[in-house]
Amino acid sequence: MKAFQMLSVLLLAAAAEGQSLHFGKCPRPPVQQDFNVAKYMGTWYEIEKLPALFEKGKCNQATYSLLSDGTVKVHNAELL
């Protein structure tokens with residue numbers, strides 16, 4: 001019984017580290033029509049987040065830059 005309880009706790013802890021939980025195939029969100037990517041360029045600051053293993057610091061920010069080939073460069077930064 002104790003082994004089952006320990007396994008349950010470990011599985012719940014592992015699931016809690018996930019970004020989102022859903023069953024089945026990956027969701028396919030609709031594409032935003034007439035999206036103006038230039039409006040979103042610049043630095044954005046995170047004001048609230050879900051826990052993520054790769055984000056250990058605080059004051060997270062992302063800087064978006066439009067490249068000449070039409071793709072977007074993203075630079076993420078944080079204070080440790």
With rounding to the nearest 0.5 Å, note down the distance linking CD in Q61 to CD in E78.
10.0 Å
Check the surroundings of atom CG in D34: do more than 12 heavy atoms from other residues, nucleotides or ligands lie under 6.0 Å from it?
no
Measure the acute angle between the ring planes of F35 and Y40, then classify it against the limits of 30° and 60° as parallel, tilted or perpendicular.
parallel
Can you tell if the side chain of M41 reaches within under 4.5 Å of the side chain of V72, non-hydrogen atoms only?
yes
Working to the nearest 0.5 angstrom, can you tell me the gap between T71 OG1 and L66 CG?
7.5 Å
